[in-house]
Protein chains: 2
Amino acid sequence: MTNIRKVAELAGVSVATVSRTLKSPEIVAPSTRAKVLEAVSAAGYRPNLMAVQFRSQRTHNLVVLVPAIANVFFARVISGIQAAAQQQGYGVLLCNTLGDEETEERYAGMVTTRKADGLIQLRASNPFGAHVFPAGTVLPMVNACEVLDDAPCPSVKLDNRAAARTLTEHLIGLGHRRIAMIQGPRRSPLTRDRVAGYRDALEAAGIAFDDRLVHPGDFTLDAGFEAAGSLMARGRPPTAIFCESDEMAIGAMQRIKRLGLSVPGDVSVAGFDDIAFSSYSDPPLTTIAQPAEAFGTQAVTMLIDLLEGRGTTPAPRVVLPYELVVRGSTSPPR
Amino acid sequence: MTNIRKVAELAGVSVATVSRTLKSPEIVAPSTRAKVLEAVSAAGYRPNLMAVQFRSQRTHNLVVLVPAIANVFFARVISGIQAAAQQQGYGVLLCNTLGDEETEERYAGMVTTRKADGLIQLRASNPFGAHVFPAGTVLPMVNACEVLDDAPCPSVKLDNRAAARTLTEHLIGLGHRRIAMIQGPRRSPLTRDRVAGYRDALEAAGIAFDDRLVHPGDFTLDAGFEAAGSLMARGRPPTAIFCESDEMAIGAMQRIKRLGLSVPGDVSVAGFDDIAFSSYSDPPLTTIAQPAEAFGTQAVTMLIDLLEGRGTTPAPRVVLPYELVVRGSTSPPR
DNA sequence: GTGAAAGCGCTAACAT
DNA sequence: ATGTTAGCGCTTTCAC
């Protein structure tokens, strides 16, 4: 492999001069610079980043912990992360955790073993829990999307409670009183906050909360399909269903249609996320739009700030805006 | 940071012994081993992978070039890649290229600058085109999904021609004669092979190819929606549409329904990929199922074989199986 | 403005 | 079985 020494020989200068020419061209004499640059291209020299990393003790890599890469919403977040990282000179080490804590901790080891400089966690859990960090050090991590209440690091999220309240109010405004909810995983802060928003709206409208109208799920198409089946099998089925993800909403709509009912004629359905498929579902889905890519770019920016010593105290807690998108899947009840 | 020297001091042995204890425990005396392991855990020692990489000249990272991370099919391939890489001790550096050649070449630089050991390319293009490799070296790369005809490296793909023929035969078998096709990008080998399969089937059935029935697209929902609009506006619209991706098929179905027509009553629609949404579309989509995750795991295995000197000549060209999945979106024409 | 040299943490060749 | 040491490629003092 052609290294800096070869280039130095070729240019008739010292390795230090080659290094300087490449890193701070302005401090070498123009004539030397020309010689060196010519030698660099003559030799087809590319700096060995392993050595650079080793020397500088910085990999310029970020680990990203994703519960499910194939989830359409997360895929958009990852796109945002990758674009922002690339733009700031960082690589992205992608890890699919399936929401498993042990797996997350194992991947977090990439930071403690210096394979990456920092980590972005898209789930509400601290993967460094078991890792030892020198006291007084800031955790090289940012928490995004599903955020810990007391995240020991910067975080980016949505005001899920307000968003869920907005969506529920939309349904109530249409005249619905029996509004079901297909939720995310029970222990997720996402679920907790959105349920809180849902209850806020019910309460404000004087509608009693009925726990037979809530059903847990896991954000997938299958979960929505199944949950809609049990909800519609109730004695007094709901006239509207609020799903905590668009995927569940699409699954739910399909189940309702297979029961011979119509959306929104018999049941209104609303989702959360605004994925691309939601504009093309039948009917198009009413939902809460989240700025998925922005979660990624914001998380990257905050993490790099942290890594490069531009972090602030207290850690920033960014809340991104949502938007209610009304489409054809919601209408007044019969 | 606690390094191997600290551990050696703590255990009262040399750094070499610590290294050996960690790499080949069996060659150190049991008593020494115990001392060292204790020191390791007492010091909370984690080997510095930057140094290991530098020393061994191997990063154990793979670069993955994806045209579009947010594409549901690719997301599944990436899941497969990540799982296999992780399992074999490699990290995945994910790069979103948007199909841009310059971007691909820039990312390929991660291999020439030794930030990664090898590369998986999911598009039919050699990103090392402009990079200089020592003559006689094998390119540290594998080409998957959309594969170059003369890929200078191992490859994994589908028999797209046969799959497209199978799907077209299904439509012909139902009685369709005017079968449109919404294609992928014009210059993609995927498009070329699938069009060839489509024409094979037409020809075998004695149906003349009509180029007014083919329409280019780019695999997205939007493209399917638009293309279906123009196809149905023809004087003699098709009775069936074969879409080169499920996303385009879902977009097309939605457009057809908005025209007041029914699927499959007025027009049958078929897709390609078998993404999760296709089971939940209305009607559920007839399609060609591809083993998306398997593309990823196969690509990783071949690449690591190559990197670790287990590559074979000639380079393996793997063809994965497809399956026709018949659902409700196709039926005999009126 | 340029060169000489130390040293980042680790592994492996060699010596004992 | 264990220790000593060179050296991977680079950046950065410190001299001149």
Side-chain angles (χ1 to χ4, degrees), chain A residues 1-40 43-61 89 109-117 134 308, chain B residues 1-40 43-61 89 109-117:
Chain A
M1 213 51 198
T2 136
N3 58 24
I4 201 170
R5 218 163 335 111
K6 296 253 178 49
V7 176
E9 280 170 30
L10 214 64
V13 299
S14 73
V15 295
T17 299
V18 176
S19 177
R20 281 191 278 253
T21 306
L22 265 19
K23 280 209 61 153
S24 359
E26 70 283 0
I27 68 168
V28 308
S31 60
T32 316
R33 199 188 310 156
K35 267 193 308 188
V36 171
L37 291 179
E38 197 185 347
V40 163
Y45 172 68
R46 315 232 45 193
N48 183 325
L49 259 31
M50 287 167 163
V52 175
Q53 291 176 9
F54 175 50
R55 172 67 227 235
S56 62
Q57 291 296 337
R58 291 220 155 279
T59 58
H60 283 259
N61 283 151
M110 295 174 108
V111 175
T112 45
T113 58
R114 323 300 304 276
K115 192 154 181 167
D117 301 336
E308 300 187 348
Chain B
M1 214 52 200
T2 136
N3 57 24
I4 201 170
R5 218 166 331 116
K6 296 252 179 50
V7 177
E9 280 170 30
L10 215 64
V13 299
S14 72
V15 293
T17 299
V18 177
S19 178
R20 281 191 280 254
T21 306
L22 265 19
K23 280 208 61 151
S24 359
E26 70 283 0
I27 67 168
V28 308
S31 61
T32 316
R33 199 188 308 157
K35 267 195 307 189
V36 171
L37 292 178
E38 196 184 348
V40 162
Y45 172 70
R46 314 232 47 194
N48 183 326
L49 259 28
M50 287 166 164
V52 175
Q53 290 176 8
F54 175 49
R55 173 67 227 234
S56 64
Q57 292 295 336
R58 292 221 154 277
T59 58
H60 284 260
N61 283 152
M110 295 174 109
V111 175
T112 46
T113 59
R114 323 300 303 277
K115 191 153 181 167
D117 300 336

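Every heavy atom of this structure was used, including side-chain atoms; hydrogens, water molecules and symmetry mates were not.
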Between the protein and nucleotides 5-9 of chain C, list the N/O to N/O atom pairs that are separated by less than 3.5 angstrom.
unit_1	atom_1	unit_2	atom_2	d
dG7(C)	N2	Arg55(A)	NH1	2.9

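- Scanning all heavy atoms of the two residues, the minimum distance from Leu10(A) to Ala39(A) falls at CD2-O, 3.7 Å.
- The shortest non-hydrogen separation linking Thr59(A) to Lys115(B) is O-NZ, 3.3 Å.
- Here Glu38(B) pairs with nothing under the side chain to side chain contact (heavy atoms under 4.5 Å, CB included) rule; sequence neighbours left out.
- Heavy-atom distances under 4.0 Å link DNA chain C to Ser19(B), Arg20(B), Lys23(B) of residues 19-34 of chain B, given in residue order.
- Listed by first and then second residue, the side-chain hydrogen bond (donor to acceptor under 3.5 Å, both in side chains) pairs that reach into residues 6-32 of chain B are Ser14(B)-Thr17(B), sequence neighbours excluded.
- Residues satisfying the salt bridge (Lys or Arg N to Asp or Glu O under 4.0 Å) test with Arg5(A), not counting sequence neighbours, are none.
- Side-chain contact check for Gln57(A) versus Met50(B): some heavy-atom pair is nearer than 4.5 Å.
- To the nearest angstrom, P of dC8(D) lies 10 Å from NZ of Lys6(A).
- For the pair Arg114(A) CZ and dC10(C) P, the interatomic distance rounds to 11 Å; values are reported in whole Å.
- When every heavy atom of Leu22(B) is checked against every heavy atom of Tyr45(B), the shortest pair comes out as CD2-CE2, 3.6 Å.
- Gln53(B) has its CD atom 23 Å from the P atom of dG7(D), to the nearest Å.
- Take Glu308(A) and apply the salt bridge (Lys or Arg N to Asp or Glu O under 4.0 Å) test, not counting sequence neighbours, and it matches Arg310(A).
- An OP1 or OP2 oxygen of dG3(D) is reached within less than 4.0 angstrom by a side-chain nitrogen or oxygen of Thr17(B).
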